[in-house]
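The next block holds one structure in the form of structure tokens; read it before the comments.
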Amino acid sequence: MDSEKLNEQWRAISAQVSSYADMDASQVSAFFSRLEPQAMSDSFLMLTADNDFIKSWVEQHYVEPIQRALRDLTGVQFVVAVAVDPTQEARKAASATAPAPAAGSAATAPAAGALGRATPLPASSPMGTAPLSTAPQPYMPPYDEAAVIDHYSPQPAPEAATGGTSRPSCSTSSLTFGNFVIGDSNRMAYSMAVEVAESPGRSPLNPLFIYGKSGLGKTHLMRAIQNYIEETRPGMRTVYADSADFLSKHVEAARAHDREKSSYKDFKTYYEEADVLLIDDVQYLQGKTQTLDIVFQLFNTLTAQGKQVVLSADRMPKNIGIDERYYSRFSAGGVIDIQPPEIETKLGIVKSFADEYSRSEGLGNFTLASDIQMYIAENSSSNIRELKSAVTKVIYQMMLFNRADMTVEEVRTLLENHFSGGPSRNLSIEDIQRAVESFFKVSRSDLVGPKRSRSVVYPRQIAIYLCRQLLDLPYNDIGKKFNRDHSTAMHSVASVEEMLKDNRGVQEEIEALQKIISEYSE
């Protein structure tokens, strides 16, 4: 397939993905601009990214929408692969400063020949790739081992010292970019927050809307933006407001307005004169119509002047019970979520917080033993505040009773009723694996091994799906327990979800397994 045709089809796919209601068109455009189509056959699409981070992010967030777009456009289920081409970014930069070569020339032709199978397809389909299927699609397509995303890669046990990267900072604040522990679950949110802090008011990320469950680090990032700007741009005025506090001050100003006419004006002026306005937990304003309207007025006033607005919530804008005009404007810039932290990130948080606590309390070179760090990371929920309180509790116990040699067994007893991770408190991935092995009569070595036969792949996908549903764990952590990467875990979950739509047999198997597994957590 020539490069012009391939690029044309990629543009059609990109437009289709952008059209979906659950996709942010601006983010799709931003990420897809970092991808290049390399080859396409009747059921396979090969893309390259310019670096590992873009590759991982696209695999985690956009492979399924791309497959969905391909199904909608062609009626065919595609396998989508993403690889890294380190020369891609340099070539784009060079092409931006040089005359564009003719379409289809050797200078721009993608390296499709490397696959040896990328040939032109029938032009009768909507995309000119493959004809629409006239037969109804089965709930589970005929098993094709080559089409299954199943990347077997045995994982070494994580070292206690590993964790997210932290950055040095001279700020004295406790919530900075310097002590924000970075992992795959929050890397993109961190990057966007840093970009806002370095260039506040730029339109692509103005406003910036960060969402995620409570305790995942949204407030930390907002305060880090504030601290960074105050440190590097002392001439700019930043205002941080918690929604509950904002509501309280608004009500107080409205009541005082009858007695003192300037009170309400002073309230608005305080926020209108901000160069950077950060409002935390905006979901709290759901149903508070008058206060929400003031926020909307401030939002429009500031962004119209090129001033930066950053908002946070525990859910994406369209899922907050507010008028459409609010959430459409709140979503006009960058919208990014923070996922529950993976084990490595939680380990990094445990170590970072223990070091910080030790410094603030003057404990010298005090450290937590690596096995205690691992126990806390593995058993805490996704709420970082709960994780930090567990660290504090252990350190306090050690200091109070002069027990620097405290054992994991003693820590387990101490924290027996501390963690509130729901089902994950008493349920583990190993429990789910054991239940699936017994149900489908497969061995542990097969379930986590390299076999790709249907009799093994299907139970493996069911087990991964149940881990995702019953345990609050990221794909990466689940994949490691099956000696797979996160893209395999994502593919497994998506495959089972597709089967569950219209196959009662699969539904009954899932229900039976959930009943069996529930007995483990009682």
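These numbers come from the heavy atoms of this one structure, side chains and all, not from hydrogens, waters or symmetry mates. Residue indices begin at 1 and follow the sequence shown.
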Item checked: Residues T488 and D485: side-chain donor-acceptor under 3.5 angstrom -> yes

Item checked: Residues Q339 and K213: side-chain donor-acceptor under 3.5 angstrom -> no

Next item on the list: Would you check if the side chain of E410 reaches a backbone N or O of T407 as a donor-acceptor pair within less than 3.5 Å?
Entry: yes

Note to self: For the backbone of L302 and the side chain of K307, can you confirm whether one donor and one acceptor N or O come within less than 3.5 Å of each other?
What the structure shows: no

Notebook entry, point to check: Counting only heavy atoms not in Y396, do more than 12 fall under 6.0 Å of its OH?
Noted result: no

Margin query: Tell me whether N379 contacts the main-chain N or O of I376 through its side chain, where contact means a donor paired with an acceptor under 3.5 Å.
Written below: no

Next item on the list: For this output row, return yes or no: ring centroids of Y271 and F246 closer than 6.0 angstrom.
Entry: yes

Note to self: Using modelled atom types and a 3.5 Å cut-off, is there a donor and acceptor pairing between side-chain atoms of S248 and backbone atoms of A244?
What the structure shows: no

Checklist line | R484 side chain to V448 backbone, donor-acceptor under 3.5 Å | finding: yes

Check: What orientation do F177 and Y228 show, parallel under 30°, tilted 30 to 60°, or perpendicular over 60°?
Finding: perpendicular

Notebook entry, point to check: Do any N or O atoms from the side chain of K318 and from the backbone of A21 form a donor-acceptor pair under 3.5 angstrom?
Noted result: yes

Margin query: We want to know whether Q373 and D371 form a side-chain donor-acceptor pair, criterion being a heavy-atom distance below 3.5 angstrom.
Written below: no

Margin query: Do V276 and V239 make a side-chain contact, defined as non-hydrogen atoms from C-beta onward lying under 4.5 Å apart?
Written below: no

Next item on the list: Can you label the angle between the Y62 ring and the F31 ring as parallel, tilted or perpendicular, going by 30° and 60°?
Entry: tilted

Item checked: Nearest-0.5 Å distance that lies between atom CD1 in I229 and atom CD in E198 -> 10.0 Å

Notebook entry, point to check: Does the side-chain contact (heavy atoms from CB on, under 4.5 Å) test come out yes or no for M316 and F209, once each step is laid out?
Noted result: CA-CA 8 Å; M316 62 193 309; F209 195 105; 5.8 Å; no

Next item on the list: List the steps, then state whether side-chain contact (heavy atoms from CB on, under 4.5 Å) holds for Y465 with L500.
Entry: CA-CA 11 Å; Y465 168 83; L500 282 170; 3.3 Å; yes

Check: Can you check whether Q433 reaches E430 side chain to side chain, under 4.5 Å on heavy atoms?
Finding: yes

Note to self: I'd like to know whether CZ of R237 has more than 12 heavy-atom contacts from other residues, nucleotides or ligands below 6.0 angstrom.
What the structure shows: yes

Checklist line | Derivation of the side-chain hydrogen bond (donor to acceptor under 3.5 Å, both in side chains) call for E195 and Y190 | finding: CA-CA 9 Å; E195 187 169 341; Y190 172 88; over 6 Å; no

Check: Any side-chain heavy atom of L277 sitting closer than 4.5 Å to one from I279?
Finding: yes

Check: T238 pairs by side-chain hydrogen bond (donor to acceptor under 3.5 Å, both in side chains) with which of R223, Q308, R233, E230?
Finding: E230

Check: For the atom pair OG (S487) and CD (E64), what is the distance rounded to the nearest 0.5 Å?
Finding: 14.0 Å

Check: Between D281 and D242, which heavy-atom pair has the shortest distance, and what is it?
Finding: OD2-OD1, 3.9 Å

Notebook entry, point to check: Should K55 and E59 be marked as a salt bridge (charged side-chain N to carboxylate O under 4.0 Å, His left out) after you check the CA-CA gap, both sets of side-chain angles, and the distance that decides it?
Noted result: CA-CA 6 Å; K55 172 183 180 291; E59 286 179 335; 3.0 Å; yes

Checklist line | Result of checking R460, R452, K451 against D446 for salt bridge (Lys or Arg N to Asp or Glu O under 4.0 Å) | finding: K451

Notebook entry, point to check: With side chains defined as the heavy atoms from C-beta onward, is the minimum distance between F482 and I429 less than 4.5 Å?
Noted result: yes

Next item on the list: Compute whether any side-chain donor of one residue and acceptor of the other, for Q297 and D293, lie under 3.5 angstrom apart.
Entry: yes

Notebook entry, point to check: Do D266 and T269 meet the criterion of a side-chain donor-acceptor pair at a distance under 3.5 Å?
Noted result: no

Next item on the list: Quick one: do I210 and I338 satisfy side-chain contact (heavy atoms from CB on, under 4.5 Å)? Show the steps, please.
Entry: CA-CA 7 Å; I210 306 171; I338 299 180; 3.9 Å; yes

Next item on the list: Check the side chains of Y240 and D280 for a donor-acceptor pair under 3.5 angstrom, ignoring hydrogens and angles.
Entry: yes

Margin query: Less than 6.0 angstrom from the centroid, inside 45 degrees of the normal: does K441 satisfy that with respect to the ring of F439?
Written below: no

Notebook entry, point to check: Between E231 and N227, is any pair of side-chain heavy atoms under 4.5 Å apart?
Noted result: no

Check: Given side chains that start at C-beta, do those of Q461 and H491 come closer than 4.5 Å, heavy atoms only?
Finding: yes

Margin query: Has H220 got a side-chain atom pairing as donor or acceptor with T176's backbone, closer than 3.5 angstrom?
Written below: yes

Notebook entry, point to check: Within a reach of under 6.0 Å around CD of Q290, are more than 12 heavy atoms found that belong to other residues, nucleotides or ligands?
Noted result: no

Notebook entry, point to check: Do side-chain atoms of S199 reach the backbone of R202 as a donor and acceptor pair under 3.5 angstrom?
Noted result: no

Notebook entry, point to check: Sub-3.5 Å donor-acceptor pair from the side chain of N186 to the main-chain atoms of G183, do we have one?
Noted result: yes

Next item on the list: Using distance alone, with no hydrogens and no angle criterion, decide if E409 and Y375 have a side-chain donor and acceptor under 3.5 Å apart.
Entry: no

Margin query: One pair to check against side-chain contact (heavy atoms from CB on, under 4.5 Å): Q286 and R315. What are the steps and the verdict?
Written below: CA-CA 12 Å; Q286 179 175 299; R315 68 206 81 163; 3.5 Å; yes

Checklist line | Parallel, tilted or perpendicular, as decided by the 30° and 60° cut-offs, for the rings of F299 and F296 | finding: parallel

